[in-house]
Structure formats: structure tokens, C-alpha cells
Amino acid sequence: AVRACRAALLNQKRLKTLREEFSREGLPPVAVRIGLNTGPSSVGNMGSPRRFNYTAIGDPVNLASRLEGVNKYYGTYILLSGATEALARPAIETRELDRVKVKGKNEPITLYELLGLKGETEPALLAMRDEFASGVAAYRRREWDAAERVFKRFPEDGPSKLLLERIAEHRESPPPDGWDGSHALTEK
């Protein structure tokens, strides 16, 4: 899990440099989003003599693929599942974003944005993460005004923008009794 997080961070660092180079050359920017999940999977050559491929299959692989796509929804680049975050926690800094039910799953999962490595992440980013967490806690308690005040402090932040939109929706149509604070995603 730690190696996967390090690789994802290095990938994004290199892509930032490439975007700058491409911009100077008049080429379109390149953006890659990454979803990381940890669990038992099958990896290797699979198929038959007529159709043969090296691939990875299994529920954990499918969730990682879903997380990659969910990045677009939040405006993030690296999302982790709770399983990966728990295993890598001693070496990484993350921001808990949300609890979601991904398409095809009934149980909510907790989403984490990978911010950086321990000891290498900007203090301002960590401070923002801590303040954002207070907004998420208020949101889950249905304290819309308190959550809104926090998220409005970060107008350029994708997850803050998204949660502000959800707050507006919840004010119009409150979540049902027994709401667990999660959001059902309808797209892959």
C-alpha cells in the first residue's frame, strides 16, 4: 500500500513537469487520475488460446477502477479506499473526503485523498485538511450552516465545492431518518 502511494505521488509529480513542458510547446495538458485499493485479487495471464491477456481481476481491482473515475466528481487526482489508507497511514498524509456508495455496491466506503508523504507534505495543506475535517463532521451531523461556513473558506477546492452543492440539495430535500452521511454515486 505504501509503495502504491509513493508511486502515485511520483506519477503526479512527473505529470506536473510534463504539463509545464507541453504548455511551452503548445501541446494539450495531460491529466491522470489514480484510484488505489488494497485486497486479494488475481493477477496474471488469463484466458484461452483464442483470447489471452495479462490482467488483474477481483472485487478490489473493480473498486480501485471506480475510485479512479470518482476523482473527476471531486476534482482530485489520487483517491484511496479505507483499506489502502489504513495500511499506508504510518507513511502518508491523507484527507478524508466523504463516504460513498459506489455503483454496484450497497455498503458505503470512506474516500481519502492522498496529500503526500509524512514529513514532506506542506503544513498549509495539512492545516486545510484539519479544517475541512471539521466541516465533514458538521455535514454528517446535518449541521448545514456550520459545514457551509467551513467549505466556503476553500472556494477553489473541488471537494468543498461538491459538498456545498450537496448541502444546498439537502436543504431543499433533507436526507431520510437514519441517513449514514453517505452519498450514492450513480456513475462509474
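For Asn106, the CG atom is loosely surrounded, since the number of other residues' heavy atoms within 6.0 Å does not exceed 12.
Panel note: side chain Ser23, backbone Arg19; no donor-acceptor pair is recorded below 3.5 Å.
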**Q.** Step-by-step salt bridge (Lys or Arg N to Asp or Glu O under 4.0 Å) determination, Lys152 to Asp157
**A.** CA-CA 9 Å; Lys152 280 186 172 181; Asp157 179 56; over 6 Å; no
(Q) Set out, in order, the CA-CA distance, both residues' side-chain angles and the distance that settles salt bridge (Lys or Arg N to Asp or Glu O under 4.0 Å) for Arg95 and Glu113, then state yes or no. (A) CA-CA 5 Å; Arg95 170 170 63 150; Glu113 178 184 22; 2.7 Å; yes
Q: Walk me through it: do Glu107 and Lys101 pass the test salt bridge (Lys or Arg N to Asp or Glu O under 4.0 Å)?
A: CA-CA 6 Å; Glu107 291 298 314; Lys101 294 175 185 167; over 6 Å; no
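Within the 4.5 Å cutoff, the side chain of Ile109 has heavy atoms near those of the Leu63 side chain.
The same ILVMFWY cluster, assembled from side-chain heavy atoms under 4.5 Å apart, contains both Ile78 and Tyr112. Taken together through direct or relayed side-chain contacts under 4.5 Å among Ile, Leu, Val, Met, Phe, Trp and Tyr, Leu164 and Tyr74 form part of one hydrophobic cluster.
Each of Leu67, Ile92, Leu111, Thr110 was compared with Leu80 under the side chain to side chain contact (heavy atoms under 4.5 Å, CB included) criterion, and only Ile92 meets it.
Aromatic ring pairs are classed by plane angle as parallel below 30°, tilted from 30° to 60° and perpendicular above 60°; the pair Tyr139 and His170 is tilted.
Applying the side-chain hydrogen bond (donor to acceptor under 3.5 Å, both in side chains) definition to pairs two or more places apart or across chains, none involves residues 6-18.
Considering only residues two or more places apart in sequence or on other chains, Pro60 meets the side-chain contact (heavy atoms from CB on, under 4.5 Å) condition with Asn37, Pro40, Ser41. Every residue two or more places apart in sequence or in another chain that forms a side chain to side chain donor-acceptor pair (under 3.5 Å) with Arg89 is listed here: Glu85.
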